[in-house]
Amino acid sequence: MKFAIKYIAAAICVSICTSSFASPLREAVLRNAAIENGFVKPEQTHATVNLELVKVGKLLFESKLLSLNEDTACASCHLDRFGSADGLPNAIGVGGVGHGERRLRSEGAIIPRNTLALWGVGGLEFDRFFWDGKVDKSDQQISSQFGDSKPSDDPLVVAVHLPPAELDEMLRDSKENLIFETESVGSATALYKILTARILSDSRLAQEVAVAYPEVREVTFLHLAKAIAAFIRENFKLQPTKFSKFVFENGALTEAELKGGLVFYGKGRCSGCHKGPYFSDMKFHAIPFPQIGFGKNGYGVDYGRFNTTLNAEEIYKFRTPVLYNVAKTAPYSHSGAVTSLKDAIIYHFDPLKDYQSERDDSRSRAEFYKRLSVWSNETFKPELLNEDDIENLITFLGTLEFEAQMSVLELE
Ligand code: HEC
Ligand code: HEC
């Protein structure tokens, strides 16, 4: 309640204090709004990492040996040129070749979700992973598919265990491989043993692993996962941005950036959900973006968070995405249905834009009505934004950009 009053007061101030006042006041309003909403200096989100682990973690991230059929690496879907995502609506896993358009045309298996970028992932207080939070440490305890046999207390290390054991993502859906599905923790363990033995039989990787773990006599998959986690933490950690320099170092913004920032914290109500150090409240919300592809639940349906918790109140909800480098990670939303940043913003307050009821069958229409009704219960919805507001918001989002520490090898 206290928060709500504070928020409303801040929103009123941000609306009143826009354009008609002199710039220094508007700048102060924006700085305060950012800090009130949990924005911190990038260094404050950095976890300590072991740089030897980072080095070997990078090699593992780029290695196809981590997929049973040796055709897919983490770097097949998390690429520099697409801002650590893959530029595709739905990710393409095993059997996929190349990237972008080429990967789309290849025979690769389709994953019914949009690839998440890795900015800030694993930083301090980043505790819910994946669109549906299927790895979650927000309650101190880790919940994940591993149940009580979780491999680590570090949620990022647990998250890193999943892709190699995920059918279609890095594991081919064949009769022989079916026994390795994550559904059974025992079979995933068997898979991890095979992958670890393989990595250790590669002379270069084995040597690097030995350097990173001089004391360890029996290297297991957990050691490899910790190294990959260290790499993600280091490589994608938050860096100073134009916005952080503005807020904490008295840096300047252009007029459009300033206006966009005031919309973000003001009538856009973006900061109701996109807040905190990562511009995500790490909570789950329903935004009725169009849904494309087969969907996690089949026939173009994705129940989102409900798939993880089976809580009826969480149906159609997805974890608020991080907004760093967002201009580089199109297409948008959990199903990648939205191609432009402009539309990604508009659907938050005008979900019927472009909706053609005749395009859908009655089943999909019924599905869409349900999503609209869940959305209507969301506390924060943007006011109607005009063209200028949207353009300024996009310009503002551009102030949240930075580069990765190292460049990831581009694989064929
Ligand atoms: C086939 C493409 C593909 C491959 C290969 C892949 N990923 Fe991903 N990654 C995705 C997709 C798609 C998502 C979002 C999935 C979801 O949330 O349902 C994702 C999400 C993630 C996340 C969660 C990010 C967040 O914000 O919560 C992490 C961490 C991650 N991947 C790491 C890895 C690592 C490490 C590897 C290699 C071991 C890997 N990925 C391999 C496509 C891929
Ligand atoms: C009610 C909470 C909420 C509010 C308010 C909100 N967002 Fe979002 N936003 C989300 C969620 C949740 C998603 C992902 C939903 C999905 O994919 O189904 C999202 C997605 C996005 C995306 C796409 C990101 C990506 O990587 O796919 C952008 C861009 C975005 N929001 C910007 C904004 C802006 C700008 C505003 C203010 C005008 C705003 N949001 C207001 C919760 C919110």
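Here the structure is a predicted model, which is why all the values come from computation and not from measurement. For ligands, and for the atoms within them, numbers begin at 1 and follow the listed sequence.
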- prompt: Can you list the ligand 1 atoms lying under 4.0 Å from a non-hydrogen atom of A91?
  reply: 2 (C), 12 (C)
- prompt: Which atoms of ligand 1 sit under 4.0 Å from any heavy atom of P163?
  reply: 33 (C), 34 (C), 36 (C), 38 (C), 39 (C), 40 (N), 41 (C)
task: Find all atoms of ligand 1 within a distance of less than 4.0 Å from any non-hydrogen atom belonging to G93, and give their numbers and elements.
output: 1 (C)
- request: Can you establish whether the number of heavy atoms outside R359 located under 6.0 Å from its atom CZ is more than 12?
  value: yes
query: Strictly under 4.0 Å, does any heavy atom of L60 approach an atom of ligand 1?
result: no
task: Can you sort out the partners of Y324 under ring pair (Phe, Tyr, Trp, His ring centres under 6.0 Å), two or more places apart, ordered by chain and number?
output: F279, F402
message: Need the ligand 1 atom indices (1-based, order shown) with element for anything under 4.0 Å from a heavy-atom of I228.
response: 35 (C)
Geometric N/O contact E169 with ligand 1, under 3.5 angstrom: yes
- request: Check whether any side-chain heavy atom of S63 sits under 4.5 Å from a side-chain heavy atom of D202, and report yes or no.
  value: no
query: Which protein residues have a heavy atom closer than 4.0 Å to any atom of ligand 2, listed by chain and number?
result: W131, G268, R269, C270, C273, H274, H285, I287, F289, F318, T320, P321, L323, Y332, S333, H334, L341, I345, H348, E378, F380, P382, L385, L393
- request: With sequence neighbours excluded, tell me which residues meet ring pair (Phe, Tyr, Trp, His ring centres under 6.0 Å) with Y213.
  value: H223
task: Determine whether any heavy atom of N90 lies closer than 4.0 Å to an atom of ligand 1.
output: no
field: From Y192 atom OH to L224 atom CG, the distance as rounded to the nearest 0.5 Å
entry: 11.5 Å
Validation row: R198, E70 side chains within 4.5 angstrom (heavy atoms): yes
- request: Would you mind listing which atoms of ligand 1 come within a distance below 4.0 Å of any non-hydrogen atom of I92?
  value: 1 (C)
- prompt: Has C77 got an N/O/S atom less than 2.8 Å from atom 8 (Fe) of ligand 1?
  reply: no
query: Is there side-chain contact between K259 and R26, with heavy atoms separated by less than 4.5 Å?
result: yes
query: Are more than 12 heavy atoms from other residues, nucleotides or ligands located less than 6.0 Å from atom CD of E125?
result: no
query: ligand 1 and K134, any nitrogen or oxygen pair closer than 3.5 angstrom?
result: no
Contacting atoms of ligand 1, where contact means under 4.0 angstrom from a heavy atom of T72: 5 (C)
Qualifying residue for side chain to side chain contact (heavy atoms under 4.5 Å, CB included) with I199, from L60, L59, I194: L60
Cationic N near anionic O, under 4.0 Å, E367 to R363: no
Contact partition for C74 relative to ligand 1, non-hydrogen atoms under 4.0 Å: both
query: Does R128 pair with D136 as a salt bridge, N-O distance under 4.0 Å?
result: yes
Quick one: side chains of residues 111-119, donor-acceptor pairs under 3.5 Å with protein atoms, not counting sequence neighbours, listed by atom name and distance.
residue	atom	partner	partner atom	Å
R113	NE	D302	OD2	2.7
R113	NH1	D132	OD2	3.0
R113	NH2	D132	OD2	3.3
R113	NH2	D302	OD1	3.0
R113	NH2	D302	OD2	3.3
N114	ND2	L88	O	3.0
N114	ND2	P89	O	3.0
N114	ND2	P331	O	3.4
T115	OG1	D86	OD2	2.8
W119	NE1	G83	O	2.9

task: Heavy-atom distances under 4.0 Å are what count here, so tell me which part of A73 touches ligand 1: side chain, backbone, both or neither.
output: backbone
task: Only one of K267, K342, R269 passes salt bridge (Lys or Arg N to Asp or Glu O under 4.0 Å) with D389; say which it is.
output: K267
K296, portion touching ligand 1 at heavy-atom distance under 4.0 Å: neither
